[in-house]
There are 2 protein chains.
Amino acid sequence: MLKDIIENNQNYQPGLSIDCVIFGFHDNQLKVLLIKIPHQNTWSLPGGFIPIDQDIDTAAVTVLNERTGVEGVFLRQFATFGKVKRNDQHFGKEVLEYLKIEEEKGKWLMQRFVTIGYYALVDFLKTIPKSADKDQVIEWIDHKEVPELILDHKEILDKALDTLRTELNLMPVGYNLLPEKFTIPELQKLYETILDRKLDRRNFLRKITNIGILTKLDEKKSNVAHKAPNLYSFDKDKYEEVLKNGLTQGW
Amino acid sequence: MLKDIIENNQNYQPGLSIDCVIFGFHDNQLKVLLIKIPHQNTWSLPGGFIPIDQDIDTAAVTVLNERTGVEGVFLRQFATFGKVKRNDQHFGKEVLEYLKIEEEKGKWLMQRFVTIGYYALVDFLKTIPKSADKDQVIEWIDHKEVPELILDHKEILDKALDTLRTELNLMPVGYNLLPEKFTIPELQKLYETILDRKLDRRNFLRKITNIGILTKLDEKKSNVAHKAPNLYSFDKDKYEEVLKNGLTQGW
DNA sequence: GTACATTGCGTCATAATAACACATTAAGCG
DNA sequence: CGCTTAATGTGTTATTATGACGCAATGTAC
């Protein structure tokens, strides 16, 4: 795959790549989709290159689809990373050796790559991580237990989370991360996990319902310890409207 | 200049450029620094290319300094633009003809360029627009009267203003755009111009002073019609602190 | 049934916001 | 000089949003 790209690099935008920070929510954990580098203890963000005949946003959608199979999810460009030393020679050489590509043909990969960061919000349960090849491991990992990442991918991930945190004040979040039916406590846990702090249960309910994007269902969650919480769903129309116009206040 | 770059394009990041939206404030107008394309009726944003041995942020600072001479101003990356058709063949050919560069040498310019957008906030009075060469016109233009721009530069400008508007809710603005001493009505006009709506004078005063970044000076503005307004300055330390930690509420 | 953890609904004090009233100041002008 | 005019400076009030908390209801475990 990568070998094909390197050997046909004239079909790809030179010196430019895309990296995706794909967020999912499960078991009260904010998870990130990471790829294990074969035969090493480091991981990387799912990324890809940009065909010269594709818009960068389209290329980002492609990367996301290849890895998650999900479509029509929330995907947003958040920053572009271009330090001179962000991809060092050492790393490039290792890749070329691993792929058994001779130095001359692999020259393309050795230049400085600028990478455009996108973050995505996807429904954990509908997403089945897909490996590009058999000895590649791709896995959901709790964002609090992210292992060592290659290059500046940790910086990219941190920036993505930072952006998500800020945007939580400007837009509603949840439609993409939660299943269709969910409880208020679940939604609150999502907010708490992203913001990394506790919120008052009662104030949260008031604030989130006042936005007017929730529909209370005539149904309770089953098989739970203690009192069964009510189920809610998002009112898609109103949700989209608020997404477009923005919230007014912060959390 | 551009000719040098094209002819020595191996020293520059391929297919990648930087465009700067430089904002200034004067006469109650939000102004943008634009460059006139010689012998045409279109204008462009000041931009540049990225030396392969420079971080993209450094290259952006260079572009800004070359055009304004000012240093240490507010400069922030806001988005990256990469539609396939954003720089069309037609435009590239015109540039090459104008610069009298033969097609083979100019091939580098004809590929799709992805551009990284930065916006800057500078003190209008301290900034003297600098042309790169004698028949180039560079000028401050009211953002409400921006003429036709090349390529997707209008889209870039719009996105920059949009970003500034959003960030007004998250950070203080003014330190970079106003002279050292200024009046509250001037600061209010700046906010009103950016937001494109009227704000209540009295509520604005209360809100802006409550942030705690202003120092009331024992001095009034002179030579003004009607009642002379008091002068204020920013408390740099507190300003920086709020800039780092962010505001809490919106306007 | 009882203990317990969690949900659902409500209260209250305080802070932030929006809308507005009135006094103050300086320039322009007869 | 005194009056008008158009700004600025300061305060008031009603409404809304926020933060902190009380208490009853519900379903599980024992």
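Chain identifiers are assigned alphabetically (A, B, ...) following the order of the sequence lines, protein sequences preceding nucleic acid strands; residue numbering begins at 1 within each chain.
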Student: Report, as yes or no, whether the 6.0 Å neighbourhood of atom OH on Y175(A) holds more than 12 heavy atoms from other residues, nucleotides or ligands.
Tutor: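 No, the 6.0 Å shell around OH holds no more than 12 heavy atoms from other groups.
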Student: In Å and rounded to the nearest 0.5 Å, what is the CD to CG distance from E240(A) to N245(A)?
Tutor: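 So the CD of E240(A) and the CG of N245(A) are separated by 11.0 Å.
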Student: Is it the case that the base of dG22(D) and the side chain of R202(A) share a donor-acceptor contact (distance under 3.5 Å, atom types as modelled)?
Tutor: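 Yes.
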Student: Take atom CG of N203(A) and atom C1' of dT7(C), then tell me their distance rounded to the nearest Å.
Tutor: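 Checked: the CG to C1' distance equals 15 Å.
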Student: Check whether more than 12 heavy atoms from other residues, nucleotides or ligands sit under 6.0 Å from atom CD of Q136(A), and answer yes or no.
Tutor: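 Counting other residues, nucleotides and ligands, CD of Q136(A) exceeds 12 neighbours.
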Student: Counting distance only, does the side-chain N/O of Y232(A) pair as donor-acceptor with the main-chain N or O of I184(A) below 3.5 Å?
Tutor: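 Pair absent, no side-chain N/O of Y232(A) close to backbone of I184(A).
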Student: If you find the nucleotide of DNA chain C closest to Y232(A) and the one closest to R201(B), which residue's nucleotide is nearer the 5' end?
Tutor: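 Between the two, 5'-proximity favours Y232(A).
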Student: Would you mind reading off the distance between N230(A) atom CG and dT6(C) atom C1', rounded to a whole angstrom?
Tutor: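 Checked: the CG to C1' distance equals 14 Å.
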Student: dT18(D) P sits how many Å from N169(A) CG, rounded?
Tutor: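 After rounding, the reported distance stands at 11 Å.
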Student: I need the CG-C1' distance between L199(A) and dT18(D), as an integer number of Å.
Tutor: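 Rounding to the nearest Å, CG of L199(A) and C1' of dT18(D) are 13 Å apart.
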Student: Tell me what N210(A) touches on the nucleic acid: a base, only sugar-phosphate, or nothing, going by heavy atoms under 4.0 Å.
Tutor: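 Counting heavy atoms under 4.0 Å across all strands, no contact is made by N210(A).
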Student: Anything under 30° is parallel, anything over 60° is perpendicular, the rest tilted; go ahead and classify F23(B) against Y119(B).
Tutor: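 Geometry flag for Y119(B) against F23(B): perpendicular rings.
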Student: Could you check which of dG8(C), dA26(C), dA6(D) has an atom nearest any side-chain atom of H226(B)?
Tutor: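 Closest nucleotide among those given: dA6(D).
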Student: Can you tell which of dG19(D), dT26(D), dT10(D) lies closest to the side chain of K227(A)?
Tutor: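 In terms of side-chain proximity for K227(A), the closest of dG19(D), dT26(D), dT10(D) is dT26(D).
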Student: K207(A) has an atom NZ; how far is it from atom P of dC9(C), in whole Å?
Tutor: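 From K207(A) NZ to dC9(C) P: 20 Å.
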Student: Under 4.0 Å between any heavy atoms, over every strand shown, what does K221(B) touch: base, sugar-phosphate, or nothing? Just pick one.
Tutor: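 Touches nothing.
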Student: If the cut-off is 4.0 Å, is K216(B) near the phosphate of dT10(D), judged by side-chain N/O to OP1 or OP2?
Tutor: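 Yes, K216(B) has a side-chain N/O under 4.0 Å of OP1/OP2 on dT10(D).
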Student: State which of dA6(D), dG27(D), dT8(D) makes the closest approach to the side chain of P185(B).
Tutor: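 Nearest listed nucleotide: dT8(D).
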Student: Please tell me which of I184(A) and D200(B) maps to the more 5' nucleotide of DNA chain C, matching each residue to the nucleotide holding its nearest heavy atom.
Tutor: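 So the residue in question is I184(A).
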